[in-house]
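Structure first, commentary second.
In what follows, chains are A, B, ... by sequence order, proteins preceding strands, each numbered from 1.
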2 protein chains.
Amino acid sequence: MLQAGADIDTSETLTERQQAVLDAALRLLVEEGDNLTMTAVARRASCSKETLYKWFGDRDGLLTATVQWQASKVRVTPVDRKGLDLASLTASLERFASDWLKVISSDTSIALNRVAVGHAGSGKDDLGAIVLQNGRFALARRLKPVLEAGRQAGLLDFEDAEMAFRTFFGLVGRDVQIRLLLGDRVELTEAAIGGDARRATQQFLALFGANNRLQSL
Amino acid sequence: MLQAGADIDTSETLTERQQAVLDAALRLLVEEGDNLTMTAVARRASCSKETLYKWFGDRDGLLTATVQWQASKVRVTPVDRKGLDLASLTASLERFASDWLKVISSDTSIALNRVAVGHAGSGKDDLGAIVLQNGRFALARRLKPVLEAGRQAGLLDFEDAEMAFRTFFGLVGRDVQIRLLLGDRVELTEAAIGGDARRATQQFLALFGANNRLQSL
DNA sequence: GCCGAACCGTAACGTACGGTACGCATCAGG
DNA sequence: CCTGATGCGTACCGTACGTTACGGTTCGGC
């Protein structure tokens, strides 16, 4: 497990102007990838390099601030756990699946994951940890209550929620993320995402729905 | 789809010495990541920088040559398609799964994927395409005949082999690769890999085995 | 033994970029 | 109006690294 606390709410301590600067940096990151320069960020944000350094310390500080800033934008939408039946559970799962696919196929997510992966080797910063916390682990934190509720309602049957989540994760994502990160053009229209979400959900229910004898896998 | 022909057999045109140089570059790539320098490669390989440039053109050329060299090392092991029963099919699938998990969790695979992902944004070279061809797509090419044989033997039931393969891919890999690439320490002992391979195979058979009414998903 | 090619080691060049310093404009508070 | 703080624009410095150049060495062919 990675270090905790990597998903602090940064929107408190950032002024309006600083957020604008980070937005500019984010756009530049999407366009240029990791080879964006401090001068380019300063020019794009119409601020001076000195300000960048005063606010964010150094280049890595700016990068982490940018990643955290983007992470703080997507907030958790809690799920109601009352009156759960198969239809609403299915809808919840499909919604999670399609949201997730939309996220990982977005330009900013691809760019952010690219730089985080690139930086993961040399332990200079924690970009990988931050992205992981606000991506894969945040999804798990949001989805697990739904799974637990499904189990308590007698709709799902599994031993370990973590294991069930990881299976769902695999059924939804499959090879999409790695292909996108490696530059493959995956056709992900709105319709395709919807279809994938339905398929993954049905497969998940086939594996972990109650009345199936497969939960021991 | 990416451009074809990215997996040419390079072992023909490379001299013994050049292969040694690329091996050195590969080791350095695993240690240093993308921030390895030409001087470091020259020193590690006990050759001159001039030779590096004569042989590989420039830094990107050296990198692509290194990636292709590593790719050319893992050759395809064909599968016998005669006398297929459920036991042998299961064994084949488990073997693929465990081999794949072993590959993506290896140091060199992680390092190669990291630099390929990092370079994928700026279209300077085709590292992403090469890695994809010799990773995800090579696996598909090797596995699909097995799936087809399983279908012809009446053991599997699916419409689209590509779709079935992608599901298997997702069930095996789940979140492992992205976590590893992002620097998460995933415990992948020999035993864990074996267990994951068995679980994924059973799940796949539950979804796509004959006598199940789930193939329309 | 001699020649040229290939190659090693290293020094040198050019440049891109991270980081810093400084001058000037704006503006809030007194 | 004065003053200090904040921040923009820009020039500047240091350095790391890709790339090139060059002298010295090994070695196969004649």
Inset, instruction - Scan nucleotides 15-27 of chain C nucleotide by nucleotide, 5' to 3', and note B when protein non-hydrogen atoms come under 4.0 Å of the base, S if they reach only the sugar-phosphate, - if neither. - result: --SBBBBB-----

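Residues of residues 22-32 of chain B that place a heavy atom closer than 4.0 Å to DNA chain D do not occur.
Under the 30°/60° scheme for interplanar angles, the aromatic rings of B:Phe169 and B:Trp100 are found to be tilted.
B:Asp34 places its CG atom 13 Å from the C1' atom of D:dC17, with the value rounded to the nearest Å. Taking atom CD on A:Glu16 and atom P on D:dT6, their separation rounds to 19 Å, with Å as the unit. Summarising the geometry, the separation between CG on A:Leu52 and C1' on D:dT10 is reported as 14 Å, rounded to the nearest angstrom. Going from atom NZ of B:Lys54 over to atom C1' of D:dT19 covers 15 Å, rounded to whole Å. To the nearest angstrom, C1' of C:dC7 lies 12 Å from CD of B:Gln18. Residue A:Arg43 contributes atom CZ, which lies 11 Å from atom P of D:dG9 at whole-angstrom precision.
Taking a cutoff of 4.0 Å between a charged side-chain nitrogen and a carboxylate oxygen, A:Asp160 and A:Arg166 do not qualify as a salt bridge. For B:Glu162 and B:Arg136, the salt-bridge test passes: some basic side-chain N is under 4.0 Å from an acidic carboxylate O.
Side chain of B:Thr201 to main chain of B:Ala197: a donor-acceptor pair is present (N/O by atom type, distance under 3.5 Å, no hydrogens or angles). In this structure, the side chain of B:Asp184 does not engage the main chain of B:Val186 through any donor-acceptor pair within 3.5 Å. At distances below 3.5 Å, at least one donor-acceptor pair connects side-chain atoms of B:Ser105 with backbone N or O atoms of B:Leu101.
At a threshold of 4.5 Å between non-hydrogen side-chain atoms, the residues B:Arg44 and B:Glu31 count as touching.
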